[in-house]
Amino acid sequence: MMDLGLKWRPHNGDLTRAGAVVAPDERLAWPKTIGIGMQHVVAMFGATFLVPLLTGFPPSATLFFSGIGTMLFLLLTAGRVPSYLGSSFAFIAPLTAATKSHDMATALGGVVMAGLALFLVGLLVQVVGDGWLRALMPPVVTGAIVALIGLNLAPAAKQNFIKSPVTALVTLLVVLAVTVLAKGLLGRLSILLGVVAGYVVACFRGEVDFKALGAADWLGLPDFHSPSFDLSVMGLFVPVVLVLVAENIGHVKSVAQMTDRNLDDVSGRALMGDGLATTLAGFGGGSGTTTYAENIGVMAATKVYSTAAYWVAAVTAVLLSFCPKVGAAIATIPPGVLGGVATVLYGMIGMLGVRIWMENKVDCANPVNLMTAAVALIIGIADYTWKVGDFTFAGIALGTFAAVALFHTMRFAARTSGAVPDPLAEADDVERREPKA
C-alpha cells in the first residue's frame, strides 16, 4: 500500500540544540502545528494573489487551487517534501499575452497544456533520472530563459506604475526597506507589507473603490472558469515548463540540504505533483502553481519542516476561497500598488536568471555562452513576434527557442572547428579544479 505521508511522529519540541529540526514526518503539538501552518498562509498570501491581480484572473479560484494543489503535491511526494504550491510568477507573461490575443478561457487552456507537459517531464525524470534535462538545458540556457520571462514584463510594470506614481513609489520603497531592515520571517513578507503600505496610501488618496467589497457575500463558491484550447498559444506556455522544472528541483534540493536527507528519488514525483496541480488549476480558473521560496523562509526561521503544517496551510487556503469577501478585498488593490510591486518583482525574476549563471559559474567570456544569452534576452525583452499561418510566436517562446537552439548549434560548430572552447568542457574543468568541501 502506498505511503501517503499522513502519519507524523510527535517531536519532543526541543529545537535549541545545534542542528535540531522538526523533520517532514514529525510534528509538534497540534496547536503549535496549526500556528506554524497559519504562518505559511501569511507567507504565501501576497505573492499568490499578485498573479491573479496582475492578469485579471479570479483570486478566489487561484486560492482554492493553490490549496488543492498543495494537497496533491504532499500526497504524491508521500509527505517527504514540505512545500506550499502558490501562483507561479512565470505564468504572468503568457497569461497576459494569451488573454490579450484571445480570452481568459484560452489562457486557461494554456495553463492546462503547461501542467500536462510538466507532469510528463516529471514522469520521465522519475523513470530515467534528470541527466537528459541537464544536457538539454545547461545553466546558460536555463538562466537566459528565466531572465527573459521576467524582463519581458517590464512594460506591464510601467503601465501600472504611471497610473499612480506616488502610490507606486511608496509601495516600492516599503518593499525595499522591509527587505533590508527586517529580520527573519518579517523580511520574507516584504511584498505583502509593501502591498499593505501602498494600499493605505491609496485609500488616503481616494484610489480604492469599496463598492464590490460591500456587495460581496461572506460565503459562496470560488469564481470558477472553464478552459478552451487553442494550439496557437502553446508557444507562450512551453517556456514556463522549463522554469517550473528548475524551481521544483531547486526546492527539493534546498529541503534535502536543510533536513539532511536524500530526496533525489522524489524529484520526479515533485514535478508530477506540481504538474497535476497546475493542470487542475487550468481546468477551474486558477493560475499555474510552483513551490515557494517564501515558505522555505518560514521553515528556515522556525526549523519546522513538518508536512503537517502544510496540510494546515492548504486546508486554510481552501476555506478562505469560499469567502467572496476575501476575493473582493484583494480585487480592490489599485493599479499604483501593483505597479510598485511589479517593478521589483519582475526585475527579481529577471535577476534569478543571472543568479543561475553566477551559481553555476557560467563563463560569459566564452562566445557560445555570451551570444546565446545576448540574442535570447533581446528577443524576449523586446518581445519579437513571428507569425506562421494561424500561429503567432511571441518574445518568450522565440527567446526560449533561440536559447536552446543557439547554444547547441554553436557548441556543435565550435567543437567541430576548434575555434572556440567547448563551454561545457570548460565548466567541467572548473568543477574538477575546485576543492571539495
Side-chain angles (χ1 to χ4, degrees), residues 51 88-98 110-111 113-115 117-118 120-122 124-125 130 132-154 156 233-251 253 271 274-275 278 288-291 293 345-364 366 368-386 393-411 423-424 427:
V51 176
S88 170
F89 297 144
F91 277 97
I92 295 174
L95 286 175
T96 302
V111 173
M113 289 187 279
L118 181 61
L120 293 176
V121 170
L124 192 56
V125 168
D130 63 353
W132 64 275
L133 199 57
R134 292 196 302 270
L136 176 65
M137 296 192 309
V140 64
V141 173
T142 306
I145 294 170
V146 174
L148 69 86
I149 286 178
L151 299 178
N152 174 269
L153 291 163
V233 302
M234 183 181 294
L236 293 170
F237 289 88
V238 168
V240 176
V241 176
L242 307 181
V243 178
L244 297 180
V245 168
E247 289 178 339
N248 277 276
I249 290 180
H251 180 87
K253 290 185 180 299
L271 293 171
D274 194 9
T278 295
T289 60
T290 190
T291 53
L345 179 63
Y346 297 166
M348 284 174 60
I349 299 172
M351 291 306 296
L352 283 176
V354 178
R355 179 180 173 183
I356 291 173
W357 293 334
M358 294 176 64
E359 289 181 346
N360 291 277
K361 297 180 174 59
V362 173
D363 181 13
C364 289
N366 187 297
V368 176
N369 290 335
L370 181 64
M371 293 188 181
T372 294
V375 173
L377 285 176
I378 291 300
I379 290 174
I381 295 170
D383 203 22
Y384 285 31
T385 56
W386 182 30
F393 299 95
I396 291 178
L398 292 178
T400 298
F401 176 78
V404 176
L406 281 176
F407 177 82
H408 290 289
T409 302
M410 293 179 69
R411 183 189 175 218
L424 293 188

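Keep in mind that what you see is a predicted model, and the values were worked out from it rather than measured.
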What I'd like to find out is whether the side chain of [X] reaches to under 4.5 Å of the side chain of [Y], using heavy atoms alone.
X	Y	value
I379	W386	no
V140	P423	no
W357	V146	no
Y346	N152	no
Y384	I378	yes
L124	W132	yes

Quiz prompt | Counterpart residues, side chain to side chain contact (heavy atoms under 4.5 Å, CB included), relative to A98 (two or more places apart) | solution =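 Only A107, V233, L236, F237 meet the side chain to side chain contact (heavy atoms under 4.5 Å, CB included) criterion with A98.
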Pairs of donor and acceptor atoms involving the side chains of residues 393-402, under 3.5 Å and at least two apart or interchain, shall be tabulated with distances.
from : atom 1 : to   : atom 2 : distance (Å)
T400 : OG1    : I396 : O      : 2.8

Looking at every heavy atom in both [X] and [Y], which two are closest together, and how far apart are they?
X	Y	result
I356	P139	CG2-O, 3.7 Å
G288	F91	CA-CE1, 3.5 Å
L136	H408	O-NE2, 2.8 Å
V241	A114	CG2-O, 3.6 Å
V240	A90	CG2-O, 3.4 Å

Quiz prompt | Side-chain (T278) to main-chain (T289) donor-acceptor, under 3.5 angstrom | solution =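 Checked: pair present.
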Quiz item: Is there a donor-acceptor contact under 3.5 Å from the side chain of N366 to the main chain of V368?
Solution: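 Checking the backbone N and O of V368 against the side chain of N366, a donor-acceptor pair under 3.5 Å is found.
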Measuring from atom [atom1] of [X] to atom [atom2] of [Y], what distance do you get when rounded to the nearest 0.5 angstrom?
X	Y	atom1	atom2	answer
L120	L271	CG	CG	11.5 Å
T291	N248	OG1	CG	4.5 Å
I145	L377	CD1	CG	10.5 Å
D363	N369	CG	CG	6.5 Å
M348	R355	CE	CZ	9.5 Å
L242	L118	CG	CG	10.0 Å

